[in-house]
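Working notes, beginning with the structure itself.
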Amino acid sequence: VVAHGWSTVAVLARPDGFDDGTISALRSWMEPRGFDLDWYPGVDTGALRPVNRLGTSDLADAAAAGTRSAAAAAAFADAYLFAVEPATDARPYPHHFLSARATLGMLRQERGSWLPFAEWGPIAAAAAVVQAAVLGGLCILLPALARRGRRPPTRHWTRLVAYFALVGFGYMSAEIAGIQQLQLLLGHPVYAVAALLALLLFTSGVGAIWSDRLLPQRGAPLAASLGGILAACALILLPLVEALLPAAIWWRGLAGFACLAPVGFLMGTPFALGLRRLTREDDGSIGLAWASNAFASVVAAPLAALIAMELGSPAVFALSAAAYLASAVLYGWRTSPATAPV
């Protein structure tokens with residue numbers, strides 16, 4: 001049974017169902033209190049006389065579709081303006097209803113009429129992306145570009161900027177996606193953030209130290225391998241996390257470490273190897289590399305969170321994989337010969 005008042009909706013369910021006598025009793029209780037019945041088994045919607053008029057039959061249509069079949073419920077959710085499909089572990093936001101389609105539709109309405117329906121979480125995340133891009137560009141990227149402008153130009157500097165930006169974007173995106181899935185594994189966001197940040201910082205540092213033993217030319221295959229591993233994480237990490245949920249928290253923590261430590265180790269190598277290719281340059285390339293990486297990292301944090309809200313954490317892992325794969329393609333810019341491995 002679905003009923004609503006002036007500001008709330010109630011859904012009642014019972015194992016034995018609702019017979020005519022129970023429906024009559026509910027109607028007798030609701031009518032003097034200003035509640036409206038929207039749907040019950042065998043309802044005649046034309047005979048209803050609502051007190052709190054909604055203007056649409058969405059509640060009755062949703063209840064009818066939801067009780068008919070799973071396919072009917074999915075079809076209703078796909079056609080509905082707002083996001084009302086069930087929340088999943090990939091996108092665990094049960095109170096996030098503002099879809100992109102609904103946002104565009106509300107912005108076309110009269111000024112201010114959309115405010116009661118706005119969800120400030122996605123709006124704040126989108127505003128953070130804009131602020132990070134503007135302030136990061138002014139405070140990080142622009143000074144490096146201005147400093148570089150006083151020196152002779154280096155060939156392929158745009159590819160250099162793109163490479164280090166992709167590395168920073170891929171690293172931060174993988175970190176955001178890992179935090180969301182580790183939160184499910186460990187059961188608390190504080191545990192997930194603390195554990196993953198410590199893990200990635202340590203393993204990435206070890207990976208950067210280990211990269212001193214490699215020729216800089218190994219950067220492209222390492223970045224491509226990292227992209228492939230992150231693509232695999234997008235496909236299998238969440239099902240693995242869900243399978244491990246019945247285990248004790250210590251086993252879940254060890255499993256998360258075993259899955260993400262190799263990823264963190266490899267994520268420490270592309271940036272370090274890229275910098276080693278610039279060690280003999282004296283035209284501002286090293287500063288530009290740091291600046292582009294930092295700028296992309298700043299922008300990636302709110303952007304990855306926004307993408308996770310809309311598409312889910314596996315999509316953020318896939319985006320990180322694409323960034324590292326693209327960095328592998330761009331790794332072949334021309335610079336002076338780099339130092340040999342130690």
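- Shown are Tyr171, Trp290, Tyr331, Phe169; of these, the ring-ring contact (aromatic ring centres under 6.0 Å, His included) with Phe271 is made only by Trp290.
- Of all the heavy atoms in Ala234 and Ala318, the pair that sits closest is CB-N, 3.8 Å.
- Val316 approaches Ile307 most closely through the heavy-atom pair CG2-CG2, 4.1 Å.
- Under the ring-ring contact (aromatic ring centres under 6.0 Å, His included) criterion, Phe76 pairs with Tyr80, sequence neighbours left out.
- Rounding to the nearest 0.5 angstrom, the gap separating the CG atom in Leu196 from the OG1 atom in Thr203 is 8.5 Å.
- Hydrophobic clustering of Ile, Leu, Val, Met, Phe, Trp and Tyr side chains at less than 4.5 Å, counting indirect connections, unites Val2 with Phe35.
- What you find for Gly219 and Leu273 is that their closest heavy atoms are CA-CD1, 3.7 Å.
- Within the structure, every pair that satisfies the side-chain hydrogen bond (donor to acceptor under 3.5 Å, both in side chains) test and touches residues 178-195, not counting sequence neighbours, is listed here: Tyr93-Gln180, Gln181-Ser313.
- Between Arg276 and Leu214 the shortest heavy-atom distance is NH1-O, 2.8 Å.
- Under the 4.5 Å side-chain heavy-atom criterion for ILVMFWY residues, no single connected hydrophobic cluster contains both Ile176 and Leu197.
- By the 6.0 Å contact criterion, CZ on Phe257 is open, its count of non-hydrogen atoms from other residues, nucleotides or ligands being 12 or less.
- In terms of modelled atom types and a separation under 3.5 Å, the side chain of Thr67 and the main chain of Ala64 share a donor-acceptor contact.
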Item to check | side-chain contact (heavy atoms from CB on, under 4.5 Å) between Leu160 and Leu278, intermediate numbers included | outcome: CA-CA 10 Å; Leu160 180 150; Leu278 305 174; 3.4 Å; yes
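- Not counting sequence neighbours, Trp251 has no partner by the ring-ring contact (aromatic ring centres under 6.0 Å, His included) test.
- Here the CG atom belonging to Asn293 is positioned 4.5 Å from the OG atom belonging to Ser297, to the nearest 0.5 angstrom.
- For the pair Pro314 and Leu235, the minimum side-chain heavy-atom distance is 4.5 Å or more.
- If you take CE on Met172 and CG on Leu200, they are separated by 10.0 Å, rounding to the nearest 0.5 Å.
- With hydrogens and angles disregarded, no donor-acceptor distance shorter than 3.5 Å links the side chain of Ser173 to the backbone of Gly170.
- You'll find the side chain of Val263 reaches within 4.5 Å of the side chain of Cys233, heavy atoms only.
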Item to check | side-chain hydrogen bond (donor to acceptor under 3.5 Å, both in side chains) assessment of Arg277 paired with Tyr163 | outcome: CA-CA 12 Å; Arg277 299 194 68 188; Tyr163 170 80; over 6 Å; no
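- Under the 4.5 Å side-chain contact rule for hydrophobic residues, Leu142 and Val298 do not share a cluster.
- Cluster membership check: Leu325 does not share its hydrophobic cluster with Val167, using side-chain heavy-atom separations under 4.5 Å among Ile, Leu, Val, Met, Phe, Trp and Tyr.
- Atom-to-atom distance recorded for Phe164:CZ and Ile286:CD1 is 8.5 Å, nearest 0.5 angstrom.
- Phe295 is linked by a ring-ring contact (aromatic ring centres under 6.0 Å, His included) to nothing, counting only residues two or more places apart in sequence or in another chain.
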Checklist entry - What's the verdict on side-chain contact (heavy atoms from CB on, under 4.5 Å) for Leu59 and Trp39, showing C-alpha distance, side-chain angles and the deciding distance? => result CA-CA 8 Å; Leu59 290 177; Trp39 187 91; over 6 Å; no
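- The shortest distance between side-chain heavy atoms of Leu237 and Leu260 falls below 4.5 Å.
- Judged by distance alone, with hydrogens and angles left aside, the side-chain atoms of Ser57 form no donor-acceptor pair with the main-chain N or O of Ala60 at under 3.5 Å.
- Note on Leu182: it clusters hydrophobically with Leu240, by side-chain heavy-atom contacts below 4.5 Å among ILVMFWY residues.
- For Arg252, there are no salt bridge (charged side-chain N to carboxylate O under 4.0 Å, His left out) partners two or more places apart in sequence or in a different chain.
- At least one side-chain heavy atom of Phe18 sits under 4.5 Å from a side-chain heavy atom of Leu26.
- Enclosure of atom CG in Asp19 by more than 12 non-hydrogen atoms of other residues, nucleotides or ligands within 6.0 angstrom is indicated.
- For the residue pair Met267 and Ala174, the shortest heavy atom distance occurs at SD-CB, 3.9 Å.
- Contacts of Ala83 classified as side-chain contact (heavy atoms from CB on, under 4.5 Å), with partners at least two apart in sequence or in another chain: Glu85, Arg91, Ser99.
- Here the straight-line distance linking atom CG of Leu222 with atom OG of Ser327 works out to 10.5 Å at 0.5 Å rounding.
- Looking at every heavy atom in both residues, Leu244 comes nearest to Ala255 through CD1-CB, 3.4 Å.
- For the pair Leu238/Leu184, a side-chain contact is recorded, criterion being any heavy-atom separation below 4.5 Å from C-beta on.
- The CD atom of Glu175 sits 10.5 Å away from atom CG of Leu199, with the distance rounded to the nearest 0.5 Å.
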